[in-house]
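Step one of this worksheet: look at the structure below.
Letters A, B, ... mirror the listed sequences (proteins, then strands); counts begin at 1. Reckoned from all heavy atoms, side chains included, excluding hydrogens, waters and symmetry mates.
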Number of protein chains: 2
Amino acid sequence: MSESTRVVAPALDALIPRLREICGPDGVLTDTSQRRVYESDGLTHHRSLPGVVVLPTTGEQVAAVLRLCSEHGVPFVPRGAGTGLSAGALPHTEGVLVVTSRMRRIIEIDVDNECAVVEPGVANLDITRAAAPHGYYYAPDPSSQQVCSVGGNVAENSGGAHCLKYGFTVNHVRGLDVVTPAGDLVRLGGKSPNAHGYDLIGAFVGSEGTLGVATRITVGLTRSPQKTVTLLSAFHSMDAGGRAVGDIIAAGVLPSAVEMMDALAIEAAEEAVACDYPEGAAAVLIVELDGPSAEVDAQLAEVERLCHGAGSFETRTAVDDQERARIWKGRKSAFAAVGRISPAYIVQDGVVPRTALPDVLRAIAALSASSGISVANVFHAGDGNLHPLVLFDDAEPGAGARAEVVSGAILDLCIQHGGSITGEHGVGVDKVCTMPRMYGPDDLETFDLLRRAFDPAGIANPDKLLPTPRLCGEQPGVRRGSHPLVDSGQAEQF
Amino acid sequence: MSESTRVVAPALDALIPRLREICGPDGVLTDTSQRRVYESDGLTHHRSLPGVVVLPTTGEQVAAVLRLCSEHGVPFVPRGAGTGLSAGALPHTEGVLVVTSRMRRIIEIDVDNECAVVEPGVANLDITRAAAPHGYYYAPDPSSQQVCSVGGNVAENSGGAHCLKYGFTVNHVRGLDVVTPAGDLVRLGGKSPNAHGYDLIGAFVGSEGTLGVATRITVGLTRSPQKTVTLLSAFHSMDAGGRAVGDIIAAGVLPSAVEMMDALAIEAAEEAVACDYPEGAAAVLIVELDGPSAEVDAQLAEVERLCHGAGSFETRTAVDDQERARIWKGRKSAFAAVGRISPAYIVQDGVVPRTALPDVLRAIAALSASSGISVANVFHAGDGNLHPLVLFDDAEPGAGARAEVVSGAILDLCIQHGGSITGEHGVGVDKVCTMPRMYGPDDLETFDLLRRAFDPAGIANPDKLLPTPRLCGEQPGVRRGSHPLVDSGQAEQF
């Protein structure tokens, strides 16, 4: 067998014919060149060639694949569109990569019950496209929404700029067909919003592929607002901008989005897309208001007044789509734009209580000054979800490692201020060894109880989400083995 | 030992001294007369004397009690204020009843982060009382909110009239300190709204005491609305009222509450509290709107127009608290009022997709006509949560049983129409044998996976929530033993 067709793990060879029976000949990829396409997700510095790739087209096929994996103790990794930023879909070299990209039917737009039933490979924005003619949209809006899959959104509990008002993916999922790691097809919830008994939808959304694969997803749809207004306000300092955010929320206004950019992020965006933000701004705030016209008009006046009161030196208001797009252009291009002012960068993702934002931003500035490593800040200010961009030159020896240190220190700042190590990108491989900084041994063991209940053999997206000594070395809070309760002598209690 | 002091189960005798060490001498009740106080919750036809009652004052005491139970394989049942309506807090005769009524400190009202930290015994309405001076309230409002405990709300994922707009308990819980059935004290979530990894808060809220006991609860607070308007609209038929509900939602208006009563419920309320609803109404709709004044005014005009268009013959609007109270008086007294027109009744609780309401209400009317058993309807129309009151005379032999049959048939109607067997009262003992009508064996086994992960010994509120053959007889979907995966030969997979 030539290098181009060899399956990495010989143990998988025996499974290939059965996988072909299940998914059809063109639903199983074994060629190295084909498999290479899937070797990373959006976090491209983690790479690993999948043992074999399957492209099922139905929930029954997914169930049959997972049953086969379960029978043979073979690991599997679910993957949607591969836009994730925590290497949650990093393939297993000796496992099966289950790609949902061929499951992209929108099964139903149920206007009366304000919900959509879709397959996991459907792109996030395609739900909104299908619902828009009926006056509805799908609210969670990760920045990759044009391409990212709803199944991936479910796995990561994805957020977006408008989750301040409308909540994360978990707040919109009403029903799930799920294949468990044992290959059982289970239905959770349905079209009615009320669940009872265990809310396994809550546990499944955000479980990063460790509890199984969602094969059919029912999401609530949100009424398209009567009016939307976007406001851009410029400040001479981040402190002043932060004060405006606090004042807006304290006044009882709940904007659909409150985004903030610092001087370095503005500079990058300006160079990249000439977004024409107010000259001399050390901070810009983008505030979006939506709802009934009467409400939006009243709130707009209030927000303008509060921004001015906090020290804004210029505020612009956009009322049509074209003007709105111009305001959002700088914000939406900021991540990519940073690539023009720095050869390389790390996108960090952490959360702090909104009230801690000013302190944490000052501490990040101090960290940047003392380390000599630039940090640009672009973030969801309304819900305290930071996205610091840690800049470095990857041609300079050791620069990447120093940037990693600063990036990690920012997470410690988040934890110290009562926040968390990820807001919307997930844990995946990227932050698995950071978990013990945030959770104690009992907390991690409780998470593990749930994981092992669904996946005792440890075949569902292994080495993601929860730390082990093999992954992270001996640390306080890292489980000693794959069955901590047995290893730690507590098994008798159970 | 006299009857009045004898502990029912001798096996518990050995534990009493240790429980007294943990909870103090006055924190352990063994007298029969004292224990009798706790023999039922709000569903009073289920009664059982607890083996022993403990009244811990701290999370550490709860942990020590549960550790003791775990060591001795003794069952425990958590209880809040005992207002539940599914016998979820029915005591175990050979177990420990863990009552949280002495844990009623409001630890913190954190206005900046819009949340409250409370102990589980705090009454629901007391959070709102503490938050009100700051311009906030706690949104979930079960009708028992004056007395029901937040811990009980968490166990049952309680709703209320205003959950249409604001969501259930699970949508408001941000953080939990939980004692697991093994006696471990675990912290889930915190003050930041964003969780990551497994959303065990989602799984714990609504778990009816089967996954442990919450000892500290962080809930989000909601801004008191600038304006609230309540509207009462009367119709000549339930169909017309139902049409109005559909039209309101279809118009994109999201009221904070949409309640509906039928002729029999109106008649009962009229006799009991002389609520003075419009004469000749076959249905009344109560619609509450809240939010910024500008929005509420615009929506009020729209709702009045839609009610009129659907055939309302009279609409009243209340703008001050006194007028609002008058409108709500009939609705809030309806359950108790039915006691004046019928010697006994069953309060049923089921959910249907809102669009199925007219069909289901017509089917309930047909069921009532064919069985000769009266059914009064008082319900949360906006989210399809029915509360049919099945009336009967308990002095008449067999009448109770016939009412049970009608009550059960109503649940079947809910299931047939894509709904569920409980909206907000929970499963408890009351509906445990109804679960297989709604869930298949794989679904129930998946629920059981989670339960057994936390509680392998089966000591946490046993015989509630999930059916067993001992409880329900052999039915399709009922687990064959307490460890179904072992019993059904699937253990090797795990």
Using heavy-atom distances under 4.5 Å, tell me whether Glu71(A) contacts chain B through its side chain, its backbone, both, or neither.
neither
Highest number of heavy-atom pairs under 4.5 Å with chain A among Val178(B), Asp110(B), Leu185(B), Asp112(B) belongs to Asp112(B)
Heavy-atom proximity to chain A below 4.5 Å, by part of Val170(B)
side chain
Sidechain-backbone polar pair: Arg452(A) side chain, Ala453(B) backbone, donor-acceptor under 3.5 Å:
no
Shorter than 4.5 Å, heavy atoms on both sides: which option in Thr210(B), Val253(B), Val111(B), Ile459(B) has the most such pairs with chain A?
Thr210(B)
Less than 4.5 Å to any heavy atom of chain A: does that hold for the side chain of Leu254(B), its backbone, both, or neither?
neither
With Tyr198(B), the side chain to side chain contact (heavy atoms under 4.5 Å, CB included) member among Leu449(A), Thr446(A), Asp448(A), Leu465(A):
Leu465(A)
Counting only non-hydrogen atoms closer than 4.5 Å, does Glu156(B) touch chain A with its backbone (N, CA, C, O), its side chain (CB onward), both, or neither?
neither
Does any heavy atom of chain A fall under 4.5 Å from the side chain of Gln299(B), the backbone, both, or neither of them?
side chain
Would you mind checking which part of Ala251(B) comes under 4.5 Å of any heavy atom in chain A, side chain (CB onward), backbone (N, CA, C, O), both or neither?
backbone
As an exercise: rank Ala250(B), Ser224(B), Cys163(B) by heavy-atom pairs under 4.5 Å with chain A and give me the winner.
Ala250(B)
Closest contact, heavy atoms only, Arg354(B) versus Asn113(A):
N-OD1, 3.9 Å
Return the minimal non-hydrogen interatomic distance between Pro292(B) and Glu295(A), and the atom names on each side.
CG-CG, 3.7 Å
Could you check whether any side-chain N or O of Arg187(B) sits under 3.5 Å from a backbone N or O of Tyr439(A), counting only pairs where one atom can act as donor and the other as acceptor?
no
Between Val186(A) and Asp443(B), which heavy-atom pair has the shortest distance, and what is it?
CG1-OD1, 3.3 Å
Portion of Leu211(A) that has a non-hydrogen atom of chain B nearer than 4.5 angstrom
side chain
If you tally heavy-atom pairs under 4.5 Å between each of Asn171(B), Leu188(B), Ile249(B), Val296(B) and chain A, the highest tally belongs to Ile249(B)
Least distance between heavy atoms, Asp199(B) atom then Gly202(A) atom:
CB-O, 3.0 Å
